[in-house]
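Here the structure is a predicted model, which is why all the values come from computation and not from measurement. Below, chains carry the letters A, B, ... as their sequence lines are ordered, and counting in each starts from 1.
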There are 2 protein chains.
Amino acid sequence: MRNERLRGYLDVILLSILLEGDSYGYDIAQQVSDQTHGALAIKEGSLYPALKRLEANRFIEGYWGTDKDSGPRRRYYRITDRGKSHLRKLQEEWNAEQRLLSVFFDKVVPE
Amino acid sequence: MRNERLRGYLDVILLSILLEGDSYGYDIAQQVSDQTHGALAIKEGSLYPALKRLEANRFIEGYWGTDKDSGPRRRYYRITDRGKSHLRKLQEEWNAEQRLLSVFFDKVVPE
DNA sequence: CTCCAAACATAGCCTATCTATGTATGTTGC
DNA sequence: GCAACATACATAGATAGGCTATGTTTGGAG
């Protein structure tokens with residue numbers, strides 16, 4: 001999968017990861033890689049701006065990790081109710097989109 | 001469907017339209033609109049550059065309409081064998097992509 | 001004490017689509 | 001016959017979201 005294909009899907013990916021529990025940037029990227037068996041890699045240059053965008057739109061809320069976390073500081077995020085309904089909406093749009101595009105993608109190429 | 005979502009899919013749409021017979025820009029746009037019941041509208045600013053791009057890559061071949069065509073001149077396009085195998089490849093990629101993304105899009109949002 | 005992974009951050013780039021505009025041709029109504 | 005409109009192609013510039021490249025800080029391994 002050309003990674004550019006993330007365009008437009010990144011928000012859903014991030015929100016759906018946070019649906020399963022609070023997490024922070026670096027870990028989210030690893031979850032995505034794990035859940036797609038390495039097929040999808042979110043780049044840092046996409047990830048952190050996206051998280052800020054989602055936070056600015058109040059789809060997620062960020063907070064700094066507690067002292068007992070080891071390593072560099074981590075900024076955790078939790079999904080908001082607003083974020084959940086946004087996610088639902090995006091999922092529905094995606095389904096509609098797939099049905100629409102299948103008109104073209106399902107056409108059989110002869111030979 | 002946000003029209004921006006065409007990004008990456010336009011080539012498949014155009015190639016799959018031409019699979020069913022030679023056509024020209026303006027008519028292709030109408031076929032797309034018809035086949036999606038008006039849900040998808042390809043803008044001229046996307047359409048004509050895309051056709052040139054496909055021609056430059058030898059996925060399609062263009063030729064000017066004959067004298068007996070009425071109205072302004074039309075530039076017809078036919079899909080090449082190279083275009084057909086490209087289309088097949090894009091279709092396969094799309095299917096793989098859908099399977100991949102369904103991991104995130106199928107997650108059920110509670111409440 | 002050095003080196004590397006974890007973790008966050010951001011400036012600038014890339015590129016496919018869109019907006020807006022322009023041109024030319026044929027048809028329809030009056 | 002001519003104004004108004006739909007057809008048809010074309011393109012310059014804007015937009016936007018993901019990527020490249022780079023930088024910083026912190027802690028653990030050897």
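Looking at A/Q91, its side chain never comes within 3.5 Å of a backbone N or O of B/V108 through a donor-acceptor pair. Between the side chain of B/T80 and the backbone N or O of B/R58, at least one donor-acceptor pair lies under 3.5 Å.
In this structure, B/L90 atom CG and C/dA16 atom P are separated by 13 Å, rounded to whole Å. Between the CD1 atom of A/I28 and the C1' atom of C/dA6 there is a distance of 15 Å, rounded to whole Å. At whole-Å resolution of the value, OH in B/Y26 and P in D/dA8 are 7 Å apart. Nucleotide C/dA16 holds its C1' atom 13 Å from the OH atom of B/Y9, rounded to whole Å. Rounded to whole Å, the distance from CG on B/L14 to C1' on C/dT17 is 12 Å. The distance between atom OH of B/Y48 and atom P of C/dT19, rounded to the nearest whole Å, is 16 Å. The separation between B/L51 atom CG and C/dA16 atom C1' is 14 Å, rounded to whole Å. Remark: P of D/dT26 and CZ of A/R74 are 15 Å apart, rounded to the nearest angstrom.
Note on A/L10: only backbone sugar-phosphate atoms sit closer than 4.0 angstrom, heavy atoms only; bases stay farther off. Contact annotation for B/G45: base contact, defined as any heavy-atom pair under 4.0 Å involving a base atom.
OP1 or OP2 of C/dC18 lies within a sub-4.0 Å distance of a side-chain N or O belonging to B/S46. OP1 or OP2 of D/dA8 sits under 4.0 Å from a side-chain N or O of B/Y24. Applying the 4.0 Å criterion to OP1 and OP2 of D/dG27, one finds that A/R73 has every side-chain N and O outside that range. The shortest distance between the side-chain N/O atoms of B/R53 and the OP1/OP2 oxygens of C/dT17 is below 4.0 Å.
Comparing atom distances between the B/R75 side chain and each of D/dG18, C/dA16, D/dC9 picks out D/dC9 as nearest. The side chain of A/K43 approaches D/dT20 more closely than any other nucleotide in the set C/dC8, D/dT20, C/dC18.
For the residue pair B/L47 and B/Y26, the shortest heavy atom distance occurs at CD2-N, 4.4 Å.
Nearest-nucleotide assignment on DNA chain D puts the 5′-proximal partner with B/Q30, out of B/Q30 and B/Y77.
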Practice item. Please assess A/Q31 against A/D27 for the test side chain to side chain donor-acceptor pair (under 3.5 Å), listing each intermediate value before the final yes or no. Key: CA-CA 6 Å; A/Q31 286 192 53; A/D27 183 61; 3.0 Å; yes

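Of the listed residues (A/Y76, A/Y77, A/W64), just one forms a ring pair (Phe, Tyr, Trp, His ring centres under 6.0 Å) with A/Y24, and that residue is A/Y76.
Under 3.5 Å, the side chain of A/E44 and the base of D/dC19 form no donor-acceptor pair of N or O atoms.
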